[in-house]
Amino acid sequence: MTNILDSLPSELFRSILKYLSSEDAIALSQTCRRMHQIVQDEHIWQEFYLKRYKYFQQSIHYSVDEYLPNSALKPHSLPLNDCTWQDTFRQRAIQDQHIRKLFNEILIDRSCRTQNASYLSSTYGLLCFDVLKTYFPSENSSQSIESRRFTREYYSFEIARLISRDIGLNLLNDIKQQTHNLSSTYGKALINGLYAIQCFHPHGLFLNLNSLDQIAQQIVTDDYFQQANLREKCQLILSKMKLEQFLPAINGTEYYDLENSFLYSTFHGKPTIPLTLVAVFCAIADQCGLKARPVGFPGEVMAQVDSSTDSNQHGLIVSVFDNKITSLEEINERLSHVLDEPLTYPLPMTSIRELVIRSARNILNSITRHSTSSLDSYGLYATVAVMKILDDTALPFTFDSMINILKEQFQFDTKLFEMFLSNSIINEQNSNAIQIKPRRQNAPQFSIGQIFQHRQYHYWAVISGWDYICAATPIWQVRMGVANLLRGASQPFYYTLASDQSKRYVPEDNIDVLAFDSIENQEEKYSIIEKLCTADEIGKYFDRIDLINGKFRANSELCQEYPDDCVPILL
């Protein structure tokens with residue numbers, strides 16, 4: 001008797017296979033010879049490969065021809081190493097298994113954390129992202145808050161950020177090595193230079209610049225643009241940028257916001273500074289067939305757009321920040337107090353290297369004028385990297401202050417350590433042992449994971465650690481008025497993560513846990529917990545939230561440090 005499935009065409013099965021996972025396809029291939037033959041189809045495995053993977057290169061290199069990080073996102077047109085698509089898929093799956101193994105060791109073994117993280121970054125790089133993204137909370141938006149595993153999320157982000165920063169260092173080295181080849185600063189050159197700095201932002205390589213392609217496409221398909229002269233085309237680009245929320249930061253506080261020196265905020269609608277706006281303008285102009293390049297003036301950056309048809313005609317000078325086309329006479333008048341002599345055509349070329357260094361100095365200026373606390377360390381990291389690689393000048397802060405930032409914030413960054421520190425300091429950084437704090441007589445009243453409200457400032461926070469007495473420096477104690485407290489510095493002090501994303505060191509006198517426990521409205525309680533879960537470092541200390549008891553559960557490492565406060569959570 002003939003099986004009815006045998007009468008169905010193979011094309012039908014191939015169409016069905018597109019809706020299966022690769023694991024299901026392999027299981028199906030083991031049912032009979034015909035299924036085995038159908039599953040071997042190369043087109044099926046090519047589709048499996050392209051559906052599972054987004055990143056296809058370990059790293060990226062600086063480019064003036066395409067937006068970053070596009071080169072890593074281009075799928076292979078042919079299988080690798082003269083293999084079949086099935087073999088290519090299998091090889092990548094084996095890599096994935098190794099990445100997961102190293103990552104799981106990072107979660108449970110402090111001693112191998114830095115070594116494994118460095119290996120993942122240097123060996124697999126961007127290929128790790130396809131594994132790590134499965135642990136990001138954004139990939140599981142329907143996931144309930146109580147089912148989230150914060151420690152896994154935290155370290156997946158930390159490894160991704162490490163990879164991003166290491167690639168940022170590579171891009172800066174590319175810019176340094178290619179300086180003699182970068183005779184032109186047109187088009188995408190500047191925004192890709194700023195992308196190297198973006199790599200040091202917490203969101204790093206999660207930014208894609210392809211939206212500029214779409215904006216340019218909308219401009220060039222406008223019939224009016226095709227008939228317009230050079231001035232009119234520039235005005236159209238300026239108008240489109242304004243419509244797309246690429247806006248100038250007008251007031252002083254907004255202008256000096258550190259976020260302005262990173263592309264991520266600009267591409268999410270935040271008003272920004274001239275250098276960033278000019279980079280966007282030049283990139284869009286390039287896509288629209290215009291010849292635009294950034295020109296640096298004292299205290300300002302503008303764009304010069306040259307005529308593609310008349311090389312003898314002076315180009316237009318566009319003040320993107322002011323949203324207008326200006327003249328050389330107006331610029332000379334505005335800058336008369338800083339210019340030794342008036343500017344004349346042709347305007348001097350400003351190299352990408354100079355502009356990237358200028359961006360790093362903007363970062364330092366922003367930190368000095370308008371500290372954002374959460375971004376300061378990332379900004380200093382970017383400044384050090386740019387100055388160290390591109391500028392070769394003395395760093396504008398002390399060696400010891402940088403060491404402290406590295407130790408606290410960037411424990412995995414051996415690439416920068418090797419560039420900036422001695423091996424003895426690196427080894428010291430990697431060998432820090434956990435200090436166990438058992439409870440004893442006169443132990444702290446409150447425990448790890450408890451949620452409280454500050455008695456004086458009324459913010460909500462969660463306890464992530466404690467000292468028997470105040471362990472802060474005498475200078476900090478004087479500045480914070482510790483002597484004015486009822487029990488002064490002799491009472492327990494608590495390390496806490498606050499709902500405003502800050503980390504606080506709080507005396508026991510100011511901790512009110514009853515304020516949380518006494519809330520009867522469960523939605524209000526849930527809202528407080530939800531806000532605390534957004535803290536960037538929540539997963540560094542806690543693995544999950546216990547909604548029934550209203551308490552964060554410590555991860556295994558924190559349980560080792562405070563063994564009497566909590567029960568270890570299995571990862």
Side-chain angles (χ1 to χ4, degrees), residues 1-60 66-67 69-104 120 123-144 147-149 152-153 156 160 205-211 213-214 217-218 221:
M1 182 176 178
T2 305
N3 190 325
I4 190 171
L5 292 178
D6 292 334
S7 63
L8 296 176
S10 298
E11 289 74 16
L12 177 61
F13 288 108
R14 293 191 182 99
S15 297
I16 294 172
L17 280 169
K18 294 177 182 179
Y19 298 95
L20 300 183
S21 67
S22 57
E23 292 79 9
D24 290 337
I26 291 172
L28 180 64
S29 71
Q30 296 171 351
T31 59
C32 66
R33 290 180 182 177
R34 189 178 181 212
M35 289 299 107
H36 178 79
Q37 183 180 12
I38 291 172
V39 169
Q40 303 308 307
D41 187 282
E42 277 288 271
H43 296 293
I44 292 172
W45 284 99
Q46 183 180 15
E47 289 197 26
F48 283 150
Y49 184 80
L50 298 180
K51 185 164 63 174
R52 174 171 293 190
Y53 297 111
K54 179 182 176 183
Y55 294 90
F56 302 98
Q57 289 186 22
Q58 174 193 344
S59 187
I60 55 176
E66 62 179 347
Y67 293 123
N70 279 3
S71 59
L73 304 176
K74 289 181 177 177
H76 314 299
S77 56
L78 296 172
L80 299 176
N81 304 320
D82 297 325
C83 297
T84 63
W85 277 111
Q86 187 174 3
D87 287 339
T88 300
F89 184 94
R90 186 181 294 114
Q91 290 170 12
R92 187 73 185 268
I94 292 171
Q95 287 184 351
D96 292 349
Q97 289 177 355
H98 191 216
I99 290 169
R100 287 192 183 91
K101 176 180 178 296
L102 295 173
F103 179 71
N104 286 330
L120 286 171
T123 304
Y124 295 115
L126 286 172
L127 301 182
C128 291
F129 276 36
D130 283 311
V131 175
L132 297 175
K133 70 182 181 183
T134 60
Y135 306 131
F136 297 161
S138 58
E139 294 289 323
N140 303 287
S141 55
S142 61
Q143 189 178 23
S144 63
S147 65
R148 286 177 57 186
R149 292 298 175 261
R152 191 173 290 275
E153 290 176 9
S156 66
L205 287 163
F206 297 115
L207 174 68
N208 196 303
L209 303 178
N210 282 338
S211 61
D213 266 332
Q214 299 165 11
Q217 188 62 29
Q218 293 169 10
T221 53

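With a 6.0 Å radius and a threshold of 12 heavy atoms from other residues, nucleotides or ligands, Lys51 has its NZ atom above the threshold.
For Thr31, the side-chain contact (heavy atoms from CB on, under 4.5 Å) partners at least two apart in sequence or on another chain are Leu28, Met35. Every residue two or more places apart in sequence or in another chain that forms a side-chain contact (heavy atoms from CB on, under 4.5 Å) with Leu50 is listed here: Gln46, Phe56, Pro75. With sequence neighbours left out, the side-chain hydrogen bond (donor to acceptor under 3.5 Å, both in side chains) criterion links Lys74 to Glu66. Scored by the side-chain contact (heavy atoms from CB on, under 4.5 Å) test, Asp213 finds Tyr67, Asn210, Gln287 as partners (sequence neighbours excluded). For Trp45, the ring-ring contact (aromatic ring centres under 6.0 Å, His included) partners two or more places apart in sequence, or in a different chain, are Phe48, Phe89.
Distance check: Glu11 CD to Phe13 CZ gives 11.0 Å after rounding to the nearest 0.5 Å. The OG1 atom of Thr88 lies 9.5 Å from the CG atom of Asp82; values are rounded to the nearest 0.5 Å. Here Ser22 contributes atom OG and Ile44 contributes atom CD1; the two are 12.0 Å apart, rounded to the nearest 0.5 Å. To the nearest 0.5 Å, atoms CG (Leu126) and CG (Leu73) are separated by 8.0 Å. The distance from the CG atom of Asn70 to the CG atom of Leu209 is 7.5 Å, given to the nearest 0.5 Å.
Checking side-chain atoms of Thr123 against main-chain N and O of Leu120 turns up no donor-acceptor pair under 3.5 Å. In terms of modelled atom types and a separation under 3.5 Å, the side chain of Gln95 and the main chain of Tyr124 share no donor-acceptor contact. A side-chain donor-acceptor contact under 3.5 Å links Asp130 to the backbone of Tyr55.
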- Query: Can you list the steps and then say if Phe103 with Arg152 is a side chain to side chain contact (heavy atoms under 4.5 Å, CB included)?
  - Reply: CA-CA 9 Å; Phe103 179 71; Arg152 191 173 290 275; 3.8 Å; yes
Evaluation steps, side chain to side chain contact (heavy atoms under 4.5 Å, CB included), between His76 and Tyr53 | CA-CA 11 Å; His76 314 299; Tyr53 297 111; over 6 Å; no
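The shortest non-hydrogen separation linking Leu127 to Ile99 is O-CD1, 4.2 Å. The shortest heavy-atom contact between Leu132 and Ala160 is CD1-N, 3.9 Å. Closest approach of Ser59 and Ala72 over heavy atoms only: O-CB, 4.4 Å. Heavy atoms only, all atoms of each residue included: Leu207 and Pro69 are closest at O-CD, 3.8 Å. Residue Cys83 comes nearest to Gln91 through the heavy atom pair SG-NE2, 3.4 Å, listed as atom of the first residue, atom of the second, then distance.
For residues 34-44, the side-chain hydrogen bond (donor to acceptor under 3.5 Å, both in side chains) pairs, not counting sequence neighbours, are Ser10-Arg34, Arg14-Asp41.
Looking only at side-chain heavy atoms (C-beta outward), Phe129 and Phe206 come within less than 4.5 Å of each other. Counting heavy atoms from C-beta outward, Arg52 and Arg92 have side chains that stay 4.5 Å or more apart.
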